[in-house]
Q: 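Handing you this structure, nothing more for now.
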Protein chains: 2
Amino acid sequence: MKISKTEENYLKAIFSILEKGKPSASTNSISQKMETSAASVTDMVKRLAKKKLAIHESHKGVKLTKEGNKIATMLTRKHRLWEVFLVDKLDFLWDEVHEMAEELEHIQSKEMIDRLDNFLGNPKFDPHGDPIPDADGKFATRQQTPLNEFKVGEKGTVVGVRESSTPFLQYLDQLGLGLGSKIEILEKYEYDNSAKILLNKSKEIVITGKVCLNLFLQK
Amino acid sequence: MKISKTEENYLKAIFSILEKGKPSASTNSISQKMETSAASVTDMVKRLAKKKLAIHESHKGVKLTKEGNKIATMLTRKHRLWEVFLVDKLDFLWDEVHEMAEELEHIQSKEMIDRLDNFLGNPKFDPHGDPIPDADGKFATRQQTPLNEFKVGEKGTVVGVRESSTPFLQYLDQLGLGLGSKIEILEKYEYDNSAKILLNKSKEIVITGKVCLNLFLQK
DNA sequence: AATAATTTTTAGACTAATCTAAAAATATAT
DNA sequence: ATATATTTTTAGATTAGTCTAAAAATTATT
Ligand SMILES: [Mn+2]
Ligand SMILES: [Mn+2]
Ligand SMILES: [Mn+2]
Ligand SMILES: [Mn+2]
């Protein structure tokens with residue numbers, strides 16, 4: 001059974017919605033992520049269900065079957081490994097790689113991706129700190145806490161971002177923040193959830209509540 | 001103006017037919033290369049003409065415009081650079097890479113391909129000895145002669161193959177022949193154009209006229 | 001030059017993927 | 001509980017890319 005690039009992108013979209021803890025993905029949430037109409041989503045979801053990749057109950061949202069989940073996981077693996085390649089080998093910045101990976105993930109060769117994994121030194125996390133599933137689909141786990149849950153005086157290292165949109169990543173670059181940055185909380189302002197932090201033991205900066213929410217740190 | 005993957009593959013097919021010296025590509029020759037019906041070719045050729053990528057005169061075949069030629073050249077560049085990547089970095093064999101490159105060539109990023117070129121050390125020839133156009137579309141040239149034009153006693157080094165189908169390449173592997181192999185002609189048999197050669201100054205083997213025709217050597 | 005063979009084009013149909021507009025189902029507010 | 005708003009599905013249309021069968025044009029053969 002062959003799966004089109006479009007079907008693959010839908011599977012990945014559903015996967016990423018379910019990943020965030022939702023019990024099922026709604027038609028509207030998928031249409032937003034895919035930037036297509038709700039009608040198109042209904043069509044496609046039916047096709048995925050017919051192929052036994054998804055389970056669809058009318059008006060009750062979509063889940064993935066074991067097979068659908070497997071495919072989405074392998075797409076995530078490919079996407080993230082290519083991102084590592086682009087950053088580590090071709091020296092792209094972390095905010096430049098998503099669109100290219102979005103295309104590269106559809107190249108069909110398990111052998112190639114396993115060799116790429118090896119060539120890259122079997123990385124466990126992508127340039128945004130997201131875990132890379134191994135050849136069996138197993139995700140690495142890591143202890144991480146969003147910055148907004150830190151208390152004054154606590155310290156940590158940035159290991160991931162909740163959202164990896166280009167504007168957010170570029171904003172972090174501007175602030176001098178990236179994976180590996182050392183942070184100590186100096187002050188927290190209840191009023192708007194912003195905070196003053198000490199960056200890499202050298203620079204004091206103020207960041208908004210939104211930034212705090214989107215940064216994951218290891219204590 | 002955006003060009004679909006299918007349109008790109010047609011451009012490349014037309015390009016490769018014209019490359020062999022033909023003044024124009026016939027509908028049938030394209031349909032053979034693309035493994036589609038002649039009717040589909042006519043349809044597509046009209047679309048390419050409408051986009052000013054090809055010139056089509058009814059019943060007289062197709063040529064490429066400057067723009068069409070440029071695009072086909074860049075696709076060839078991408079295809080061949082990815083083949084080098086797969087062989088040099090991921091350790092694939094020369095007969096394993098074509099299908100993957102056939103997909104990779106459609107990834108849309110000039111910046112990425114220029115960086116890949118650089119990462120690979122700006123190779124001038126692909127794993128089959130075919131020239132890789134540079135960022136401006138210029139092909140490297142090289143003095144090369146098909147083995148069948150060699151005379152008894154002459155020596156040379158294999159630098160390319162005329163045809164790079166998997167069966168042919170695997171057959172060469174079996175014979176112990178590849179790019180860089182040193183060859184001296186020991187005997188030529190007029191009867192069926194086969195020849196006895198000394199391979200790498202150590203092994204005597206007999207090869208058919210067909211093989212002689214498909215190997216390019218540098219004297 | 002007429003006929004036969006081959007190549008190319010046209011006509012009409014099909015599928016995947018998309019859309020808009022309207023209908024139906026579900027959720028929310030009064 | 002009814003009315004209103006939102007979400008989801010259905011219906012019908014469109015475009016790219018493909019096909020087969022038949023018509024038209026070109027090339028080869030007698
Ligand atoms: Mn994608
Ligand atoms: Mn990522
Ligand atoms: Mn291709
Ligand atoms: Mn090649």
Side-chain angles (χ1 to χ4, degrees), chain A residues 1-15 17-18 20 22-64 68 71-72 75 102-103 105-106 108, chain B residues 1-15 17-18 20 22-64 68 71-72 75 102-103 105-106 108:
Chain A
M1 176 191 44
K2 71 175 78 90
I3 298 159
S4 74
K5 181 171 161 173
T6 310
E7 288 168 334
E8 288 189 340
N9 282 331
Y10 272 93
L11 285 174
K12 215 160 54 92
I14 296 164
F15 180 82
I17 291 162
L18 296 175
K20 295 200 181 79
K22 306 265 171 60
S24 79
S26 73
T27 302
N28 255 7
S29 65
I30 299 168
S31 84
Q32 266 188 288
K33 185 144 281 183
M34 292 295 298
E35 297 180 299
T36 55
S37 72
S40 297
V41 172
T42 303
D43 265 17
M44 178 54 86
V45 152
K46 281 178 176 172
R47 282 226 293 288
L48 294 176
K50 193 181 280 176
K51 288 190 172 185
K52 306 267 190 231
L53 300 174
I55 296 153
H56 181 224
E57 281 188 277
S58 204
H59 289 94
K60 299 241 163 121
V62 194
K63 294 177 215 277
L64 293 179
I71 293 167
L75 285 165
E102 201 54 50
E103 296 191 56
E105 71 193 0
H106 302 288
Q108 292 297 357
Chain B
M1 178 189 43
K2 71 173 77 84
I3 298 159
S4 74
K5 180 170 162 172
T6 311
E7 288 168 335
E8 288 189 340
N9 281 332
Y10 272 93
L11 285 176
K12 215 159 55 91
I14 297 165
F15 180 82
I17 291 162
L18 297 176
K20 294 198 182 81
K22 308 263 172 63
S24 79
S26 71
T27 301
N28 254 7
S29 66
I30 299 169
S31 85
Q32 265 187 289
K33 186 145 279 181
M34 293 295 300
E35 297 180 300
T36 56
S37 71
S40 298
V41 172
T42 302
D43 265 17
M44 178 55 86
V45 152
K46 281 178 176 172
R47 282 225 294 287
L48 294 176
K50 195 181 279 176
K51 287 190 173 185
K52 307 269 189 226
L53 301 174
I55 296 154
H56 181 224
E57 281 187 276
S58 203
H59 288 93
K60 300 239 162 121
V62 196
K63 294 176 214 281
L64 294 178
I71 292 167
L75 285 165
E102 201 55 50
E103 296 191 57
E105 70 192 2
H106 302 288
Q108 293 295 359

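Quick note on labels: first sequence line is chain A, next is B, and so on, each numbered from 1.
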Q: Taking 4.0 Å as the cut-off, does a side-chain nitrogen or oxygen of A:Tyr10 come that near to OP1 or OP2 on C:dA16?
A: no
Q: Quick one: how far along DNA chain D does chain B reach, first to last nucleotide 5' to 3', anything under 4.0 Å to a heavy atom?
A: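 The contacted stretch runs from D:dA16 to D:dT26.
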Q: For B:Lys22, check side-chain contact (heavy atoms from CB on, under 4.5 Å) against everything at least two apart and list the hits.
A: B:Ile17
Q: Rounded to whole Å, how long is the line connecting atom NZ of A:Lys46 with atom P of C:dT18?
A: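 One finds 16 Å between P of C:dT18 and NZ of A:Lys46, rounded.
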Q: Sequence neighbours excluded, which residues qualify as side chain to side chain donor-acceptor pair (under 3.5 Å) partners of B:Glu102?
A: B:Lys12, B:His98
Q: Would you mind telling me which residue lines up with the more 5' stretch of DNA chain C, A:Ser4 or A:Ser58, judged by nearest nucleotide?
A: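 Residue closer to the 5' terminus by nearest nucleotide: A:Ser4.
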Q: Flag the pair A:Glu105 / A:Asn9 as yes when at least one side-chain heavy-atom distance between them is below 4.5 Å, and no otherwise.
A: yes
Q: Sequence neighbours excluded, which residues qualify as side chain to side chain donor-acceptor pair (under 3.5 Å) partners of B:Thr36?
A: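 B:Thr36 satisfies side chain to side chain donor-acceptor pair (under 3.5 Å) with B:Tyr10 only.
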Q: Near DNA chain D, counting only heavy atoms under 4.0 Å, which residues of residues 32-45 of chain A show up?
A: A:Ala38, A:Ala39, A:Thr42
Q: Residues in side chain to side chain donor-acceptor pair (under 3.5 Å) with B:Glu8, at least two apart?
A: B:His106, B:Gln108
Q: Test of understanding: with side chain to side chain donor-acceptor pair (under 3.5 Å), list the residues that count as partners of A:Lys51, not counting sequence neighbours.
A: A:Glu7
Q: State, to 0.1 Å, how close B:Ala38 and B:Thr27 come at their nearest heavy-atom pair, and which atoms those are.
A: O-CG2, 3.6 Å
Q: Between A:Val41 and A:Val62, is there a side-chain heavy-atom distance shorter than 4.5 Å?
A: no
Q: Provide the full list of salt bridge (Lys or Arg N to Asp or Glu O under 4.0 Å) pairs with a residue in residues 25-46 of chain A, sequence neighbours left out, each pair given once.
A: none
Q: Collect all protein-nucleotide pairs involving nucleotides 5-7 of chain C in which both atoms are nitrogen or oxygen and the distance is under 3.5 Å.
A:
none

Q: Among A:Lys60, A:Lys63, A:Glu57, which residue meets the side chain to side chain contact (heavy atoms under 4.5 Å, CB included) test with A:Ser24?
A: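 The side chain to side chain contact (heavy atoms under 4.5 Å, CB included) with A:Ser24 is passed solely by A:Lys63 among A:Lys60, A:Lys63, A:Glu57.
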